[in-house]
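Read the structure below first, then the notes.
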Amino acid sequence: MLELSYIRENTAEVIERLSVKNIDAAKTLEKIIELDARRRETQRELDDSLAESNNIAREVGNLMKAGKASDALELKNRVSELKVIAKDLSEKLDSIVTEQTGLLITLPNVPHSSVPKGKSAEDNEIVHSEGTMPNLPSDAVPHWELASKYDIIDFELGNKVTGAGFPFYKGKGARLQRALINFFLDNAIEAGYYEIQPPLVVNEASGYGTGQLPDKDGQMYFCQIDKLYLIPTAEVPVTNIYRDEIVKASSFPIKNVAYSNCFRREAGSYGKDVRGLNRLHQFDKVEIVQIQHPDHSYQTLEEMREYVSTLLRKLELPFRVLRLCGGDMSFTSALTYDFEVYSAAQQKWLEVSSVSNFESFQANRMKLRFKDENGKTRFCHTLNGSALALPRIVASLLENNQTAEGIRIPKALATYTGFDLLF
RNA sequence: GGAGAGAUGGCCGAGUGGUCGAAGGCGCACGCCUGGAAAGUGUGUAUACGCCAAAAGCGUAUCAUGGGUUCGAAUCCCAUUCUCUCCGCCA
């Protein structure tokens, strides 16, 4: 959620920057500012009337003590009147605040000045490319064929037991999963991240805090009877640790890493995008989350970007980094780098990581604050990134490393799998 | 799931209708003391909103959450959530 004071003081800039996300916010902003004026006026009237009630109540108390009960009677009536007025004002204030908040949460985060304009993925800016493209034999096949050839991932079995998008990993496939999780966690810990194992379901307030709710609730699995959501990413529970907190500035940067299953309904996806491991309803991901001082968050974003690059280098996968254009960015992000790995057999780039700075957008929703050098309470900046999501890494590892003898496992990973050739 | 007890500031803990945002202690911050530290000692130490250009200051709200009773609620009543104890079930 955008900060009200920021909207109020930089209206034109907000409109201009949101246009990069192809949003025309002028009318909404105007309404929000108008509601804000009414909110403050109503608040003042309400406070005044409550102040008068409090004063009279105190007087009544004094009169009672002095044994002048009859004198108190008239005052009592006045308080009763004020109470009715205050109740009206309070209801009015509630409805104004509700309306204002309702509008505020429809506004996406303002993109960083470096974000290019654009409508779709076509307009993303490639900022970096690295690694050598594999030279595959002519009989190279996509990962879903390799998965069944080596009997390591069973999509049909998943269909039978659960449904589409919930595969079974078997034998060396399961071990490869476990190896990748440990590889990613160990690397993160070495880079100074603190490991967290979060709950896989969260309450409504947490979904709201990181921005999944209310706009994306159809994308999460929901347990109706307990009003709990299956997490779409560890970002949700791990960032919400700090909901309603005032952290010490000396604790910056706060660096957490968490492995979790991620659950996504992916309503509306279809076709070859969901083939094999490309898009699953349940997958594994190691997520890095940082809480940082506003002055340092972009430097941190670059560090996180570099960290993810080192992982892909160790896995010997060719990758490129994209700066997402306004139209392709998420609702909550101010700047996002996507990492894509080349899937040789599918001959396409697969998104394996998304590293974002949310600035104070999530922090404002969550009321995550810190005290700055002047003792002033301010919102923190939050950042996160996948480091990494497993399925598409597995897809490209299988495809890019296929040989006549089997799948070659990169050296850095082989110490975790316990085998360097999957056959 | 059943029965009972409870929820107060960063933490512990007092407070059963009236200047209570809340005693006391711990912690924390700053100062004094010290060669330095500890001990000692002094001061300060919640959050949000509103008024104000801003600071100071003032007002309002907040004692789990939401309602209610009352001139007045941390205190009484109702609902919800959570915690603990016992019983049941159980990885």
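On a predicted model such as this, the values are computed, not experimentally measured, just so you know. Here is how names work: the chains are called A, B, and so on, in the same order as the sequence lines, proteins then strands, and each is numbered from 1.
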Can you check the distance between [N] and [M], where both ends of the measurement are the [atom1] atom (answer in whole Å)?
| N | M | atom1 | result |
| --- | --- | --- | --- |
| B:rG13 | B:rG25 | P | 16 Å |
| B:rU41 | B:rU34 | C1' | 13 Å |
| B:rG24 | B:rU45 | C1' | 16 Å |
| B:rG15 | B:rA3 | P | 30 Å |
| B:rC49 | B:rC33 | P | 41 Å |
| B:rA37 | B:rA53 | C1' | 47 Å |

Classify [X] by what it touches in the nucleic acid, base, sugar-phosphate, or nothing, heavy-atom distance under 4.0 Å.
| X | value |
| --- | --- |
| A:Leu50 | sugar-phosphate |
| A:Lys87 | sugar-phosphate |
| A:Asn54 | sugar-phosphate |
| A:Ser53 | nothing |
| A:Lys367 | nothing |
| A:Ile246 | sugar-phosphate |

Pair assignment for [N], Watson-Crick or G-U wobble, requiring both distances under 3.5 Å:
| N | answer |
| --- | --- |
| B:rG57 | B:rC51 |
| B:rA14 | none |
| B:rC76 | B:rG68 |
| B:rU34 | none |
| B:rA91 | none |
| B:rU43 | B:rA29 |
| B:rG9 | none |

Going by salt bridge (charged side-chain N to carboxylate O under 4.0 Å, His left out), name the residues that satisfy it together with A:Glu125, two or more places apart in sequence or in a different chain.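 Partners of A:Glu125 under the salt bridge (charged side-chain N to carboxylate O under 4.0 Å, His left out) test: A:Arg323.
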Using the salt bridge (charged side-chain N to carboxylate O under 4.0 Å, His left out) criterion, which residues pair with A:Glu306? Sequence neighbours excluded.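 Checked A:Glu306 against salt bridge (charged side-chain N to carboxylate O under 4.0 Å, His left out); matches are A:Arg313.
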List for me each residue that meets side-chain hydrogen bond (donor to acceptor under 3.5 Å, both in side chains) alongside A:Gln212, sequence neighbours excluded, and say none if there are none.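 Applying side-chain hydrogen bond (donor to acceptor under 3.5 Å, both in side chains) to A:Gln212 gives A:Thr210.
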State the CD1-CG distance between A:Ile15 and A:Leu29, to the nearest 0.5 angstrom. 5.0 Å
Restricting to ring pair (Phe, Tyr, Trp, His ring centres under 6.0 Å), what partner residues turn up for A:Phe183, sequence neighbours left out? A:Tyr416
A:Phe361 meets the ring pair (Phe, Tyr, Trp, His ring centres under 6.0 Å) criterion, sequence neighbours left out, with A:Phe331
A:Phe419 six-ring face occupied by A:Lys172 cation (under 6.0 Å, within 45°): yes
Looking at RNA chain B, which of residues 35-47 of chain A put a heavy atom within less than 4.0 Å of it?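 Those residues whose heavy atoms fall under 4.0 Å from RNA chain B, taken from residues 35-47 of chain A in numerical order, are A:Arg39, A:Arg40, A:Gln43, A:Arg44, A:Asp47.
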In chain order, what residues pass the side chain to side chain contact (heavy atoms under 4.5 Å, CB included) check against A:Ser120, with sequence neighbours excluded? A:Glu122, A:Asp123
In chain order, what residues pass the side chain to side chain contact (heavy atoms under 4.5 Å, CB included) check against A:Ala387, with sequence neighbours excluded?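 A:Ala387: side chain to side chain contact (heavy atoms under 4.5 Å, CB included) contacts with A:Ile288, A:Tyr307, A:Val308, A:Leu311.
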Give me the first and last nucleotide of RNA chain B, going 5' to 3', that has any atom under 4.0 Å from a heavy atom of chain A.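 First and last nucleotides in contact are B:rG18 to B:rG72.
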Judged by each residue's nearest nucleotide on RNA chain B, which is more toward the 5′ side, A:Lys371 or A:Val79?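 Nearer the 5' end of the strand: A:Lys371.
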Hey, which of these two, A:Lys76 or A:Asn55, hits RNA chain B nearer its 5' end, going by closest nucleotide?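 Looking at the nearest nucleotide for each, A:Asn55 comes out on the 5' side.
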Ring geometry between A:Tyr221 and A:Phe263 (parallel below 30°, tilted from 30 to 60°, perpendicular above 60°): perpendicular
Checking side-chain polar atoms at under 3.5 Å, does A:Thr332 have a donor or acceptor matched by the opposite partner on A:Asn109?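 Side chains of A:Thr332 and A:Asn109: no pair found under 3.5 Å.
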